[in-house]
Amino acid sequence: MSIVTVERKILQKNDEVAQKNRLNFQKLGLHTINILGSPGSGKTTFLEKLILQTNNLFKTAVIEGDLQTDLDAQRISALQIPVVQLVTNGACHLEAQLVQDGFNQLDVSDAKLLIIENVGNLVCPAGFDLGEDQKMVVLSVTEGEEKPLKYPKIFQNASVLIINKIDLLPYVKCDLNTMIVNAKSINPKLIIFAVSSTTGEGFDAVIQWLKEFTLTS
Ligand code: MG
Ligand code: ZN
């Protein structure tokens, strides 16, 4: 048996579990977002800010994925939000089965939004469906404007791009417009928001967009 066949089998099995997850999330009225991005792009800080600003509108539940530690889950838990930490013990992406196991321990009663924060990695998480409705990439301006060109697959598979840390634009060599043009050249359908999770700039538009999914079901 070749390595290619083994990998295909793993992906096929993953897709089957992901489809089960998707049906389960839909049945419970949850809109589900899989957050992807490099380590340090600010995924957890973005999530904290988002929760603080939407707490009064709808309830969010969170699944945190990390190689090690439950530090990120502790940060989310401090906001009085149901959260479960998945530790992959070195695996560089989440798989649908692990998400299912974690989800079974999560209290999602009354929740409208389920957020899965993937392991920080711009490569292989793009290939693993977890059962989410949408993939969201968080990209920091400190990562440079060529990132979408260098890691196209994750931007192709995503429907939303959050350009984060725009408060740092005066200090880094990154042209916001070029970053947007590069991302659109990879995926013209990408919905793009530019935000600062530190100052809160740009969050109104993100929340406006999220209300479409969370307040209608
Ligand atoms: Mg994190
Ligand atoms: Zn991986």
Side-chain angles (χ1 to χ4, degrees), residues 3-18 21 32-54 60-103 106 113-132 134-143 147 150-158 160-165 168 193 195-198 200 203 206:
I3 291 171
V4 173
T5 312
V6 173
E7 278 188 345
R8 188 171 296 152
K9 265 193 173 166
I10 290 170
L11 278 173
Q12 207 170 50
K13 178 81 180 88
N14 182 76
D15 285 352
E16 284 167 21
V17 179
N21 287 352
T32 305
I33 297 179
N34 180 5
I35 299 191
L36 312 159
S38 311
S41 57
K43 297 182 293 302
T44 312
T45 309
F46 168 78
L47 189 48
E48 283 175 318
K49 195 74 169 183
L50 193 71
I51 289 166
L52 282 171
Q53 299 210 5
T54 56
T60 302
V62 175
I63 296 176
E64 278 291 338
D66 277 292
L67 296 176
Q68 288 299 341
T69 79
D70 64 350
L71 293 170
D72 284 359
Q74 286 179 34
R75 285 168 63 182
I76 300 301
S77 182
L79 305 172
Q80 318 296 329
I81 290 294
V83 58
V84 66
Q85 177 79 51
L86 306 177
V87 173
T88 64
N89 279 320
C92 48
H93 58 268
L94 292 180
E95 293 187 16
Q97 185 60 58
L98 192 58
V99 168
Q100 188 181 95
D101 295 345
F103 183 77
L106 194 63
L113 182 64
L114 171 66
I115 294 199
I116 304 166
E117 183 186 331
N118 218 306
V119 177
N121 179 350
L122 270 188
V123 189
C124 53
F128 285 84
D129 183 10
L130 305 177
E132 71 276 1
Q134 293 180 300
K135 286 182 170 68
M136 171 187 275
V137 179
V138 175
L139 173 66
S140 158
V141 298
T142 59
E143 296 178 68
K147 245 347 179 351
K150 289 182 173 172
Y151 298 86
K153 194 178 167 197
I154 209 152
F155 293 89
Q156 272 158 7
N157 290 5
V160 193
L161 170 62
I162 302 291
I163 298 179
N164 196 17
K165 307 192 191 181
L168 299 182
F193 299 103
V195 309
S196 163
S197 302
T198 310
F203 272 75
V206 179

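Values below: all heavy atoms of this structure, side chains included; hydrogens, waters and symmetry mates excluded. Whatever order the structure lists ligands and atoms in, that order sets their numbers, starting from 1.
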For the Zn ion (ligand 2), protein N, O or S atoms at a distance below 2.8 Å amount to 3
List the steps and the verdict of side chain to side chain contact (heavy atoms under 4.5 Å, CB included) for Leu86 and Glu64. CA-CA 6 Å; Leu86 306 177; Glu64 278 291 338; over 6 Å; no
Would you mind counting protein N, O or S atoms that sit less than 2.8 Å from the Mg ion (ligand 1)? 3
Considering non-hydrogen atoms only, spot the tightest contact between Asn118 and Lys43 and give its length. O-CE, 3.8 Å
Of all heavy-atom pairs between Lys165 and Ser41, which one has the smallest distance, and what is that distance? CE-O, 3.7 Å
Taking it one step at a time, do Val62 and Ile51 satisfy side chain to side chain contact (heavy atoms under 4.5 Å, CB included)? CA-CA 10 Å; Val62 175; Ile51 289 166; 4.1 Å; yes
We want to know whether Asn164 and Ser140 form a side-chain donor-acceptor pair, criterion being a heavy-atom distance below 3.5 angstrom. no
Closest non-hydrogen atoms of Glu132 and Lys135, given as atom of the first, atom of the second and distance, are OE2-NZ, 2.6 Å
Assert yes or no for the condition that the ring centre distance of Phe193 to Phe46 is strictly below 6.0 Å. no
Chi angles and distances behind the side chain to side chain contact (heavy atoms under 4.5 Å, CB included) call for Ile163, Val141: CA-CA 7 Å; Ile163 298 179; Val141 298; 3.7 Å; yes
Evaluate side chain to side chain contact (heavy atoms under 4.5 Å, CB included) for Leu161 paired with Met136, printing each intermediate quantity in order. CA-CA 6 Å; Leu161 170 62; Met136 171 187 275; over 6 Å; no
